[in-house]
Structure formats: structure tokens, C-alpha cells
Engineer: 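Below you will find the structure I want to go over with you.
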Amino acid sequence: MSQQPAEVPVQNAQPSVGSIAAHRPHAMSAAVSGLDPDIDADLDAYEGEAEGAELPQGRFLDRERSWLAFNERVLELAEDSTTPLLERANFLAIFASNLDEFFMVRVAGLKRRIATGVATRSASGLQPREVLELIWNRSRELMARHAACFQQDVAPALADEGIHLIRWPELTEKEQARLFTLFRQQIFPVLTPLAVDPAHPFPYISGLSLNLAVVVRNPVSGHRHFARVKVPPLLSRFLEASPQRYVPLEDVIAAHLEELFPGMEVLAHHMFRVTRNEDLEVEEDDAENLLQALEKELLRRRFGPPVRLEVEESIDPYVLDLLVRELKISESEVYPLPGPLDLTGLFGIVSLDRPELKYPKFIAGTHRDLAEVESASAPDIFAALRERDVLLHHPYDSFSTSVQAFLEQAAADPDVLAIKQTLYRTSGKSPIVDALIDAAESGKQVLVLVEIKARFDEQANIKWARKLEEAGCHVVYGLVGLKTHCKLSLVVRQEGDTLRRYSHVGTGNYHPKTARLYEDLGLLTADPQVGADLSDLFNRLSGYSRRETYRRLLVAPKSLRDGLVARVDKEIVHHRAGRPPTSASRSTRWSTRRSSTPSTVRPRPVCRSTSGSAGSARSGRTYRACPRT
């Protein structure tokens, strides 16, 4: 090999909101490293000076306020008139989806900790109730901007381009007649109106479902009644009334409520939407079987308490009071908005074949060290790695011709004896999983660590785990109390009389689709020390080991943070003679080194930069996308 690998961070788990509040490290991460031991004496002298430094006030950002600021930047891309039009609609949908998950997890977790009395003052100095009030006020402002951007800017601009997002009264008679036929044939049969009266209790409202609150009157008795109609989530959110003219599904249902309540007078209807607590609470220490415990918790997730109620701003006060009372939600958690609600439905409009309204497509290239210039055959990745390390920069370097090809070649190579792999997220039809199954079926030893606690991918990962087990793979779920966030692959290959280990260490998921969008780094290497470290780390993840130090890897929660801080210190020492550190940098250094609880001071990156996506690469902007990580 021509050179040593660079220092590449590798995360193996990230702290949850709960772990930060409880001051417990909930992370296990790693990095390829090589610190010079000769600077220890200088570091000790510097540490002595830092001991007496005064800690600066306000040195930590509030975690929830920071997240809302991130999502505001997503909204700003939608508000930017220089962003291609359908991309603006896409950012509106992303903003809405991000905020849904924020309420389902972060707000829900904060409310739960307040209710149980375990919430403590945050590192930013705010009390839990102050953070909650901040969230309510700031999210209300952002949601109002979001709705205004769609109503006043994006929707009219789409209409100018021939894509009309209209409401029922704007349809022609011919279009209404066509949609009535569609309603009778494909929508009416799946609708279930639910009455509310002494014989019919208030129905359960599922999280993120779109609903019509309907007020009807019995013409004989004159009594008014309330009913709820759920908008079927499996039907298209926007229905095409005629070419390039779309109307919300709920408008079509609302226009035909007489069909659902024959003989009754429909007095009013209002749209509403509930967001529920969907944060998982798996007590791993007490769970005999983590897989079974998680499956049980996934069933409970559907019935979490409400944390947000979105309603049309024209809603009748009587109906709103009924919803608030029955859902047991506070007025602070009610968000009146102009319709239509739930703009995640814009994802369907974004998929229209209008390339002139989108970012130009970006085609990734094969890394030059893996490309065969004079041959159409696939490159021999193992031969390439014996010559040099390959640092990949996705999405510019193709994932399919590098990482994916690495694992596919390993699965097909008769000289490969074993493959060890972590999976955090992957695609619906995953070539990585297919390669691992092929390897196991061909007799190779295959170990797969499937992180079944990956947020909102839990069900999919349980499915992958079972499929891999059925194929003969050894499947494990990581360490109790930690979320395994490592992105690692290890291939053991027989080469003559020796065994050689080939490794991949990366920052992204093994997900071919998101690898074309998100900006990530990955290292392919045959370095013996990195391979030996990965062997030790996988043994720790799959068996019993108390190893905390490695040759080239920094592994959280024990050594990653201190290792990174030590490298910062090393740079300070190198520049100390010409430019001494300021008191602020000394005090920051002191507070970081002394703390024994990394999760309380190390900010958690909620998202990673996707400036490498096709669109943002062209626009010169960086969009930090929140994976439905």
C-alpha cells in the first residue's frame, strides 16, 4: 500500500434525547486514527493551564432550537425563487415530513420526560417547560410561513407552468362529473364514516392520518351529530381531474358526503390531522429478546398520546372544542392553518415528468482508482486495494461501482472466506442484502449486525434480519443500551498461504438510493491494522469483549470523543508558539476534557449534508436532509 489511511470517523451509535437528559453515554462510534504519543507532555502542560480557566456562558446551543433552525433552512430553499419550481415543492414536502418526525419523537420525548418528572435543565440552560414553549411558538411561525409559501407562491407558480393544484369549486362540471364516477367506483367502497353519540364512542384517530370532522343534522328530530371520516392513506393524495389539473382527495370526499350520510343534512365539514407520540421505549436491560420487545413496542407506537393537532383555520369552534376535549390535547398544541393540510402529499406532484422544472440530473462516475480504462469488464477491486487505499466521495464517486461492487465481488469470489457487515438502513430491494445472502448460501461465513432500532426503519430492519437469518447468515442486533451507528464492512480472503483483510469504513448507510443524494465519505482499504481493528470490533459487537482501545480505530462511547479532542489539542500545541489559544478556546478545551459524560456536551448531528446531491451541486447550496434516519 502506498500510504496509511486517513483519519476517518465512524459512528456506531448516537445518544438519544433521553440519554442526554439522564447523563448517560448512549453512543458507540469509531474512527481510523494515529495520534503522535510525543505530544503527551505538551498536552499535560496545556491541561494544567486550562484547569483554572473560567467557563464561558451560553457555550451550548439548545438542541431543539437548533433542529428547528435546520428545518427553517429547508423552508428557505422552498421560498427561494431561484430554486427550480418542482424542487421548491419537494422542499415544502420535506419540511412537512421533517416536522412530523420532530413532533413524533423529540417533542413527544420531551413531554414524556416532563410528565414523568425526569426532565432536567438542558445544556443550553433552558428548563424543559421553556424548551416546550419555545418549540410551540417557533414551530407555529414556521408552519405559517410554510403554508403561505405554498398558497401565495409555489401553487401560483406551478399554475403558470400548467400544473394546477386547485380546490373542488374551481373544477369544471365535466371534471366534477368525472371525479364523481371515480368516487363511486374507487373511493366510496373504502370509506368508513364513524358516528359519535352515546352508542358510538369517539373513535381512535391514528397518527398523521387526514380526517374530515363532519357535522350532520337529523331532519326529523333536528338533532345535530358529529362524525369522523378518515381519508384513505393508500389512495393518491392529489387526483387528476384532467391533464395537469389536480384536486386534493379530501375535497372529492367532502363534495360527496351526502353519499356517506343518506337522509341526513350535512351542515359542515372540517379537515384535521393528529400527530402522536411514536418514540419507541424499549427497556433493553429487561428484555429477554430484543427483537420481540421491539415488535411489541412497534404495535404500541400506533396508540401513543397526541402531541399536535392541525386544523383548518375556518374550523367551527364547537368542532374544535370537541376535538381538543376528546383528544385530551392543550390549546398550545393546536395549529390552525389554511388548507390543504399535510403538504407531504406534494411528493406525488414532484414525481411528474417535468425535467425542466427540476435540478439537472447528476450521474456519478466510477472512482479513477477503480475504473478500467481499456476494458469493459468490472474492475478487480481487491487488486486495486492491494495497490492503494481508495477514498470515496459520494455521490460524486458511484456507490454501485465501489462499495456495492466490493461486496458483490466478495460474495462471488471463491477465495473469500468470511464477510462481516453492519446494516443501519438499506433500500427496499437491496443489492447489498442480496450479496450477503448469496455469500451465505455459497458457504461463506457471514455476520450481519442489523440495527433494528434505526428510527422509523425498525419494521423494515426486522424483515431484513429474518430474511438474512433464513439464508444462513449470523445476525446480531448490537450492544444492549447502544444504537449501533457504524458503517463497516470486512472481507476476509485467502491469498496463497495467508489471509488478507479488506475493509470499508464509511459515513453513509448501505443504501444505494440515498448514496446518489447524500454527501458521504468512505474508505476502501487493505491496511492490516484497520482490518485487525475491524475484526476486534465485530467480535465485540457479536460476542463478549471489554476491548476499548484499537490500533487505528477510535470507538465511541469510550475513545472517539477523547481521540478527536486530543487531535484538536495536538493542533493547538503545534501552533502555540506563534498564536496562543484564547481564553475561550482554553475553557472550551477544559470543559470538554474534564467531562465524563460525552453525551451531555457533544452535540448530536441530526442530519448530514447533502450538498453532493444532483440539485444542490448545481445550485451551489448545501441542503441538510433529515433522513427518515
Side-chain angles (χ1 to χ4, degrees), residues 71 74-75 78 88-104 107 136 139-155 158 165-170 187 191 194 203-215 226-239 246-257 268-276 278 306-317 319-324 326-327 329 331-350:
N71 210 29
V74 179
L75 178 58
R88 296 178 68 187
N90 190 41
F91 285 126
L92 287 174
I94 292 171
F95 172 91
S97 177
N98 286 350
L99 202 60
D100 287 345
E101 293 188 10
F102 176 75
F103 273 90
M104 287 190 291
V107 176
W136 286 336
S139 60
R140 196 178 305 279
E141 296 171 6
L142 293 176
M143 291 171 70
R145 277 175 56 185
H146 178 248
C149 180
F150 172 75
Q151 295 278 350
Q152 302 170 17
D153 198 353
V154 173
L158 287 170
L165 303 179
I166 54 181
R167 308 308 295 266
W168 180 264
E170 300 173 68
I187 302 175
L191 296 178
L194 297 174
Y204 171 77
I205 309 297
S206 54
L208 300 187
S209 64
L210 204 54
N211 304 271
L212 284 94
V214 184
V215 180
F226 174 86
R228 172 256 191 163
V229 179
K230 181 178 179 178
V231 178
L234 297 182
L235 300 180
S236 297
R237 176 64 198 291
F238 288 94
L239 302 177
Y246 300 89
V247 64
L249 173 60
E250 61 268 26
D251 278 18
V252 178
I253 296 173
H256 301 97
L257 288 174
H269 63 270
H270 309 280
M271 298 304 305
F272 71 97
R273 183 172 182 258
V274 174
T275 308
R276 292 186 175 274
E278 297 199 19
V307 294
R308 180 179 58 163
L309 173 62
E310 298 169 85
V311 299
E312 285 186 314
E313 57 188 8
S314 59
I315 191 169
D316 185 278
V319 175
L320 179 58
D321 180 68
L322 175 66
L323 292 174
V324 169
E326 293 292 345
L327 292 170
I329 200 166
E331 293 185 6
S332 299
E333 296 168 305
V334 178
Y335 292 79
L337 297 164
L341 303 180
D342 187 17
L343 290 182
T344 59
L346 290 174
F347 283 129
I349 300 301
V350 172

Engineer: Is the shortest heavy-atom distance from the side chain of P232 to the side chain of L191 under 4.5 Å?
Structural biologist: yes
Engineer: Search all heavy atoms of P340 against all heavy atoms of P248 and return the closest pair with its distance.
Structural biologist: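 That would be CB-CG, 4.4 Å.
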Engineer: Could you report the tightest heavy-atom contact between L92 and H146, atom names first, then the distance?
Structural biologist: O-NE2, 2.8 Å
Engineer: To check you understand the geometry: which heavy-atom pair defines the closest contact between R276 and G207, and what is its length?
Structural biologist: CD-N, 3.9 Å
Engineer: Checking S139 against F103 for the side chain to side chain contact (heavy atoms under 4.5 Å, CB included) test, could you report, in this order, the C-alpha distance in whole Å, the side-chain angles of both residues, the deciding distance, and whether it holds?
Structural biologist: CA-CA 10 Å; S139 60; F103 273 90; 3.6 Å; yes
Engineer: Decide side chain to side chain contact (heavy atoms under 4.5 Å, CB included) for D100 and R273; before the verdict, give the C-alpha distance in whole Å, the side-chain angles of both, and the deciding distance to 0.1 Å.
Structural biologist: CA-CA 11 Å; D100 287 345; R273 183 172 182 258; 2.7 Å; yes
Engineer: Starting from the C-alpha separation in whole Å, work towards a yes-or-no answer on side chain to side chain contact (heavy atoms under 4.5 Å, CB included) for I94 and T344.
Structural biologist: CA-CA 7 Å; I94 292 171; T344 59; over 6 Å; no
Engineer: Is there a donor-acceptor pair under 3.5 Å between the side chain of E312 and the backbone N or O of M271?
Structural biologist: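 The answer is yes, because a donor-acceptor pair under 3.5 Å joins these two groups.
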Engineer: With no hydrogens and no angle check, is any side-chain donor or acceptor of R237 less than 3.5 Å from a backbone partner on L343?
Structural biologist: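 Here the side-chain-to-backbone pair does not exist.
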Engineer: Any donor-acceptor pair under 3.5 Å linking the side chain of D251 with the backbone of W168?
Structural biologist: yes
Engineer: Any side-chain heavy-atom pair from V229 and H269 closer than 4.5 angstrom?
Structural biologist: no
Engineer: Roughly how far apart are F347 CZ and S97 OG, rounded to 0.5 Å?
Structural biologist: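 These two atoms lie 5.0 Å from each other.
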Engineer: Show the nearest heavy-atom pair for residues S206 and R228, with the distance to one decimal.
Structural biologist: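 Looks like N-NH2, 4.2 Å.
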Engineer: Work out which heavy atom in P336 is nearest to a heavy atom in V334; give both atom names and the distance.
Structural biologist: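 Answer, listing the atom of P336 first, then V334: CD-O, 3.5 Å.
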Engineer: Nearest 0.5 Å please: distance from the OG1 atom of T275 over to the CD atom of E101.
Structural biologist: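 So the gap between those two atoms works out to 11.5 Å.
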Engineer: Show your reasoning for whether side chain to side chain contact (heavy atoms under 4.5 Å, CB included) applies to D316 and V215.
Structural biologist: CA-CA 10 Å; D316 185 278; V215 180; over 6 Å; no
Engineer: If you measure from CG on L99 to CE on M143, what distance do you get to the nearest 0.5 Å?
Structural biologist: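 Atom-to-atom, L99:CG and M143:CE are 6.0 Å apart.
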Engineer: Taking C-beta and beyond as the side chain, do R308 and V107 meet within less than 4.5 Å on heavy atoms?
Structural biologist: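 Of all side-chain heavy-atom pairs linking V107 with R308, none is under 4.5 Å.
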Engineer: Is any side-chain heavy atom of N211 closer than 4.5 Å to a side-chain heavy atom of V274?
Structural biologist: no
Engineer: Can you check whether N71 reaches F102 side chain to side chain, under 4.5 Å on heavy atoms?
Structural biologist: no
Engineer: Can you measure from CG (L320) to CZ (F272) and round to the nearest 0.5 angstrom?
Structural biologist: 11.0 Å
Engineer: For residues H270 and S314, report the shortest heavy-atom separation together with the two atoms involved.
Structural biologist: CE1-O, 3.7 Å
Engineer: With rounding to the nearest 0.5 Å, note down the distance linking CG in L323 to CD1 in I329.
Structural biologist: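 Answer for the CG-CD1 pair, L323 versus I329, is 9.5 Å.
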Engineer: Measure from the side-chain N and O atoms of R140 to the backbone N and O of S332, and report whether any donor-acceptor pair falls under 3.5 Å.
Structural biologist: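 Flag set: sc R140 to bb S332 pair under 3.5 Å.
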Engineer: Drop me the distance from E250's CD to L341's CG, to the nearest 0.5 angstrom.
Structural biologist: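 Taking CD in E250 and CG in L341, the distance rounds to 7.5 Å.
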